[in-house]
Amino acid sequence: MSLPNKRQQSKSNANVSAHSKLTTLYQLLVVLTIVLSVLYIGRSLLMPMVFAIFLAMLLFPIVEAFKRFLKIDVLAVSMSFIVVLVPIIGITSLIGYQLTNVVEGMNSISAQLDQGFNTIVEWVQQNFGIEIEDPTDLAAESPSTITGWIGNFITGGLISTTNVLINMLLTFIYTFFLLLLRHPIRNFLIYQMRKSRREHGQKVITRVRRVAQQYLVGMLTVMGILAVLNSLGLWLIGVEYAIFWGCLGALLAAIPYIGTIIGGILPLLYTLATTDTLWQPIAVVLLYQTVQAIEGNFITPKVVGSNVQINTLIAVFAMIFWGTLWGVGGIILAIPLTAIVKIMLAQLPHFEPISHLMSESAVKNPEVFREQYDDDRYRVLRYLEKE
């Protein structure tokens, strides 16, 4: 073959390769667009299902334990629901009772918050020399905004009670049938794989289930510890409805990073509005700072473990991404969903470095990409090339 023909053939191969890469990229973008559209449009249907999947993973060991004695799946699943629902109903009833009392007292709290805000405005002007043209109007406007925000936050759940109950009912129904069909679903997933990959697929499914269980059990344990610490601390300080504020702060801890902050701001504002002393609000701030430091540095790392830990950048991005798609429910699900995605990516050679990049270990050992992943099979761009 002549030299010009070789060059022409080489150029033709390069054009084919570039075209194949663009075609693959185009296909990925189309699939990604379809997936995001389905997640957003179908969020009212999909979000309860995702919660149900995680709840089913949480109840799986309990169902298996009951199955050893009851032998019948329906009875085992039903008993597992009873064991879980009885404490939930008890805690919800207690919180609901105190929530009613808090809501009933919101009008008197608003007036006290108005007075407290006026005092803050006057103190700022006297000590910092900040001139406010019309502090009366500002004081009249801002407390209503603050009080309205508190009222909306507290009573918002009551307003949307119907939607919450419907989603909870759907979640429990989905969970019940997922647990009844747990073995057929597992077998379906396994036998969709090639024979050479089934053993590995079984291990991946087991690992995903265990990671989800570890995260959920760990978070429930953390919430329980926070509820006790918060409630006990607020009770010792003398804050009214200490159990309600303590449990609310513990529940909000399910929202990563910002949940504990919101859980501390609400009782602080309530204390400012209902007490004439200065030491109680200061004590509330110190209490939540101490509890948050203990939770972040000791409780969560020990209880939740490292298998589901992802680095802060990925965690924040995941919260924004899932929060944009599914709201507060998406923010709550962001960490476990991202942890599962990380596990799945680790099973694909092209994406294994991305999985490692998502973990905290990448921060501790950045040289791992040079030491372990400096090979063509780990390069993400090779995925765009047809084998």
Side-chain angles (χ1 to χ4, degrees), residues 17 20-21 23-36 38-39 42 46 49-61 63-64 67 73 174-175 177-217 305-310 314 318 321-322 333-362 368-369 371-387:
S17 177
S20 65
K21 290 181 180 180
T23 302
T24 306
L25 181 60
Y26 172 77
Q27 292 171 348
L28 286 174
L29 291 176
V30 170
V31 171
L32 182 61
T33 302
I34 294 174
V35 169
L36 291 178
V38 170
L39 289 175
L46 294 176
M49 176 60 76
V50 175
F51 272 109
I53 292 173
F54 282 112
L55 184 56
M57 291 179 181
L58 178 65
L59 294 178
F60 182 85
V63 173
E64 291 297 313
K67 182 67 182 297
D73 264 352
Y174 292 154
T175 303
F177 287 106
L178 284 173
L179 287 171
L180 281 180
L181 297 172
R182 63 193 184 279
H183 295 305
I185 292 174
R186 182 195 61 187
N187 290 338
F188 169 79
L189 294 175
I190 291 175
Y191 288 102
Q192 285 297 305
M193 305 175 190
R194 297 173 183 165
K195 291 184 178 181
S196 59
R197 301 287 295 174
R198 287 175 185 172
E199 183 177 355
H200 180 70
Q202 174 77 34
K203 292 179 181 179
V204 172
I205 293 173
T206 302
R207 186 183 174 193
V208 169
R209 177 171 56 83
R210 287 179 179 174
V211 167
Q213 288 175 353
Q214 182 182 6
Y215 178 81
L216 294 172
V217 172
S306 59
N307 287 334
V308 296
Q309 290 185 1
I310 56 180
I314 299 299
F321 174 79
W322 287 107
L333 291 169
I335 301 301
L337 283 175
T338 306
I340 291 176
V341 169
K342 182 167 70 74
I343 293 174
M344 301 305 294
L345 289 177
Q347 312 310 312
L348 304 172
H350 293 308
F351 299 105
E352 190 174 339
I354 296 180
S355 174
H356 194 86
L357 183 64
M358 295 170 65
S359 66
E360 287 188 347
S361 57
V368 69
F369 298 99
E371 298 170 354
Q372 186 173 341
Y373 297 116
D374 187 14
D375 189 271
D376 282 346
R377 63 190 177 123
Y378 294 121
R379 307 198 198 288
V380 178
L381 292 179
R382 281 184 57 86
Y383 181 77
L384 300 177
E385 299 178 4
K386 292 189 176 181
E387 300 295 337

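Positions are given from 1, in the same order as the sequence printed here. Computation of the quantities below employed the complete heavy-atom set of this structure, encompassing side-chain atoms and omitting hydrogens, waters and symmetry-equivalent molecules.
Between the OH atom of Y174 and the CG atom of L55 there is a distance of 14.0 Å, given to the nearest 0.5 Å. Annotation: the span from I190 atom CD1 to H200 atom NE2 amounts to 12.5 Å, rounded to 0.5 Å. Going from atom CG of L181 over to atom CZ of F188 covers 12.5 Å, rounded to the nearest 0.5 Å. Note that CG of L58 and CD1 of I53 are 14.0 Å apart. Values are rounded to the nearest 0.5 Å. Expressed to the nearest 0.5 Å, how far NE2 of H183 lies from CG of N187 amounts to 8.5 Å. Note that CD1 of I34 and CG of L29 are 11.0 Å apart. Values are rounded to the nearest 0.5 Å.
Under the 4.5 Å side-chain criterion, counting only non-hydrogen atoms from C-beta, L345 is not in contact with E352. Two residues are said to be in side-chain contact when any heavy atoms from C-beta on lie closer than 4.5 Å; T175 and F51 fail this criterion.
Counting non-hydrogen atoms of neighbouring residues, nucleotides and ligands closer than 6.0 angstrom, the CZ atom of R198 exceeds 12 such neighbours. The local environment of CZ in R186 is crowded, with over 12 non-hydrogen atoms from other residues, nucleotides or ligands closer than 6.0 Å.
The two residues G201 and M193 come nearest to each other via the heavy atoms CA-SD, 3.5 Å. Of all heavy-atom pairs between L178 and A56, the closest is CB-CB, 4.2 Å. Summarising the geometry of S355 relative to A346, their closest heavy-atom pair is OG-CB, 3.5 Å, with the distance given to 0.1 Å. In plain terms, the two heavy atoms of F54 and L216 that are nearest each other are O-CD1, 3.0 Å. Between M57 and A212, the closest heavy-atom pair is SD-CB, 3.2 Å. Residue I314 comes nearest to T338 through the heavy atom pair CG2-CG2, 3.8 Å, listed as atom of the first residue, atom of the second, then distance.
Using a 4.0 Å cut-off between charged nitrogen and carboxylate oxygen, E64 and R182 count as a salt-bridge pair.
The cationic atom of R209 (NZ for Lys, CZ for Arg) lies less than 6.0 Å from the six-membered ring centre of F60 and within 45° of the ring axis.
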Decide yes or no on side-chain contact (heavy atoms from CB on, under 4.5 Å) for F321 and L337, but give the supporting numbers first. CA-CA 11 Å; F321 174 79; L337 283 175; over 6 Å; no
